[in-house]
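Sequence lines set the chain letters: A, B, ... in the order given, protein chains first and strands last, and positions in each chain run from 1.
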Amino acid sequence: MDDFYWLVLAPALCGGTLIALVSAWVGVFVVQRGLSFVGAGLAHAAFGGVALGVLWGIEPLYVALPFTMLVASLVVFIRNRTGLQSDTAIGILFTSAMALGMIVFPQDNAAGPMSYLFGDILLVRWFDCIAAAVLVFVALGSMRLWSSWAYATFDKDQAKADGLPVTRHDMYLILFIAATVVVSIKLVGIVLTSALLIIPPATARLCTRTFSGMTVVALFISGITVPAGLMLSALYSWPSGASIIAIQALVFTGAALLKRS
Amino acid sequence: MTDGQPSAVQCDGISVQLGEQFALQHVSMSIPVGAFCTILGPNGGGKSTFLRVLLGLQAVTRGSVQLFDAPISAVNPRRIGTVPQSKRYDQNFPARALDVVATGIHGKWSFRLDETTRASCLQALDRVGLRSLADRRVGVLSGGELQRVYLARALVRQPELLLLDEPATGMDVRSEADLHSILEDYQTDHTATVVMVSHDWSTAKHHSSHIMLLNSTLRWSGASTDGPDDEVMREVFGHRGHMHPMTQVGCTHG
Ligand SMILES: Nc1ncnc2c1ncn2[C@@H]1O[C@H](COP(=O)(O)OP(=O)(O)O)[C@@H](O)[C@H]1O
Ligand SMILES: [Mg+2]
């Protein structure tokens with residue numbers, strides 16, 4: 001590979017690896033709590049924010065981040081208010097945000113909607129690395145929440161009865177998920193970001209029997225497969241997101257086949 | 001139920017509205033420290049709701065509740081051990097019996113179990129006869145085994161108040177007998193108060209000091225030696241056919 005490759009690849013590799021770790025960290029709870037749809041939906045909703053950013057000529061992240069976190073808060077609000085398994089409401093919210101994005105996305109922009117929908121490492125700058133690094137710091141800060149998140153995942157009522165502020169911690173979790181999907185959009189694309197949240201923890205779940213084991217193994221799988229996928233994409237000029245997810249899917253398949261049930 | 005004695009639970013005219021209807025209405029009662037109180041009542045009679053109120057999980061619409069002469073929010077949760085109404089986990093749920101029992105000690109999920117915690121948890125599991133299943137995933141345990149894991153978890157923190165919601169669900173005859181002897185042993189050792197929801201009238205009469213009959217309103221409460229009599233039972237359960245006092249009433253799970 002020549003210098004140009006490395007110039008493009010370096011921020012993607014750095015940011016990608018950091019994002020991989022954060023995704024696995026929250027992904028454990030996404031998988032355990034059955035929030036896959038919320039994760040995927042938030043990523044789609046983020047497109048509305050991205051489009052507005054492009055339209056206004058601002059760094060898309062600056063708009064997409066608050067936009068998606070707002071949508072996430074609305075989801076929680078609706079869920080708490082109606083007590084519904086609010087699949088439908090969430091679905092409406094996400095598709096509307098996405099539709100908004102498609103309408104306002106400027107036709108003449110250099111990077112078209114497809115770059116955001118499927119990811120484009122050419123869009124990844126050092127700025128995005130810094131954003132990912134900030135998320136890593138947030139994740140480190142959230143280590144104290146891990147035992148509360150895990151407890152509430154096991155049994156919400158018990159966690160509440162033991163005096164944990166479950167509702168507030170759940171809010172932090174969903175906002176964190178929103179931030180994670182937004183930062184990973186340029187790398188893997190809106191359509192594929194939820195895979196980062198889901199596949200490594202789902203794989204880890206097959207070969208561990210504790211929450212902590214699942215977390216560690218998920219971090220490991222994610223931290224390896226993301227840079228590996230990016231290298232692969234650079235070598236063969238494959239799309240970055242697709243390469244990462246192809247490798248993760250392969251690892252998952254291997255684990256599923258090896259698992260003795 | 002009694003005056004002068006310190007009470008573990010004290011309810012004054014509590015009502016709980018859930019949706020359109022009241023799950024509990026004007027319930028006033030007290031359970032003295034050291035009592036073994038069994039709550040009986042038909043499905044939907046508000047038994048679980050009552051326990052949820054005591055756990056601080058359900059706010060009351062009217063009235064007030066005190067535990068150990070203090071408002072619920074002021075009571076350290078570690079003083080309360082609970083066995084919830086049974087629920088199931090899927091096979092791959094990443095938690096071992098041991099991890100569940102450890103929450104009884106720490107009140108949160110542990111990333112790693114230190115040796116002391118591990119030893120206490122194993123001892124608690126031993127007490128419910130499940131030491132050999134300590135490393136089993138909760139998702140593969142049978143219903144009755146899971147209830148016993150919950151019991152171990154409730155006991156390991158050495159609570160002053162035990163709240164059990166149909167703990168015998170899914171237990172075999174032997175385990176159910178064990179449950180009662182474990183609870184009785186624990187009570188004698190720790191002068192703890194036990195509040196247990198059950199459907200087993202004869203066992204309730206035999207093992208408990210106090211009985212509460214709940215069907216939205218409190219239909220009867222008092223010492224188990226005093227009743228309630230068949231007439232009241234029939235009225236509460238709406239039992240039409242023949243009923244013998246020593247047979248189980250309403251032995252479905254609610
Ligand atoms: N979240 C809820 N919303 C509306 N009604 C509820 C809710 N939870 C329970 N109920 C109703 O309250 C009543 C009491 O329920 P519960 O305390 O679980 O009864 P039990 O444990 O005695 O069988 C039931 O009629 C039940 O349908
Ligand atoms: Mg019940």
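With a 4.5 Å cut-off on non-hydrogen atoms, B:Leu57 touches chain A through its side chain but not through its backbone. Heavy atoms closer than 4.5 Å to chain B are found nowhere in A:Ala159, neither backbone nor side chain. Neither the backbone nor the side chain of B:Ser73 comes within less than 4.5 Å of any heavy atom in chain A. Contact annotation for B:Arg157: only side-chain heavy atoms (C-beta onward) come within less than 4.5 Å of a heavy atom of chain A. Heavy-atom distances place the side chain of B:Asp99, and not its backbone, under 4.5 Å from chain A. Contact annotation for B:Tyr89: only side-chain heavy atoms (C-beta onward) come within less than 4.5 Å of a heavy atom of chain A.
A:Ser212 and B:Phe111 make their closest contact through OG-O, 2.8 Å (heavy atoms, listed as atom of the first residue, atom of the second, distance).
Within a 6.0 Å sphere centred on CD of B:Glu184, other residues, nucleotides and ligands contribute more than 12 heavy atoms. Around atom CZ of B:Arg136, no more than 12 heavy atoms belonging to other residues, nucleotides or ligands sit under 6.0 Å away.
Residue with the most contacts toward chain B among A:Met214, A:Gln32, A:Lys160: A:Gln32 (heavy-atom pairs, distance under 4.5 Å). Interface check for chain B: of the options A:Thr153, A:Leu206, A:Val216, A:Asp155, the most heavy-atom pairs under 4.5 Å are formed by A:Asp155. Considering only heavy-atom pairs separated by less than 4.5 Å from chain A, the leading option among B:Pro94, B:Pro77, B:Gly139 is B:Pro94. Most heavy-atom pairs under 4.5 Å with chain A, from the set B:Ile80, B:Val100, B:Val138: that is B:Val100. For the set B:Arg52, B:Arg153, B:Arg78, B:Lys87, the count of heavy-atom pairs under 4.5 angstrom toward chain A peaks at B:Arg153.
In terms of the salt bridge (Lys or Arg N to Asp or Glu O under 4.0 Å) criterion, residue partners of A:Arg205 (sequence neighbours excluded) are, by chain and number, B:Asp90.
The aromatic rings of B:Trp109 and A:Phe211 stand perpendicular to each other, their planes meeting at an angle above 60°, with 30° marking the opposite boundary.
For A:Arg209 (side chain) and B:Asp135 (main-chain N/O), a donor-acceptor pair under 3.5 Å exists by modelled atom type.
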| Criterion side-chain contact (heavy atoms from CB on, under 4.5 Å) on B:Thr82 and A:Gln158, from CA distance to verdict | CA-CA 8 Å; B:Thr82 165; A:Gln158 291 308 311; 3.2 Å; yes
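Atom CG of A:Leu145 is separated from atom NZ of B:Lys108 by 11.0 Å, given to the nearest 0.5 angstrom. In this structure, CD on B:Gln58 lies 10.0 Å from CG on A:Asp157, to the nearest 0.5 angstrom.
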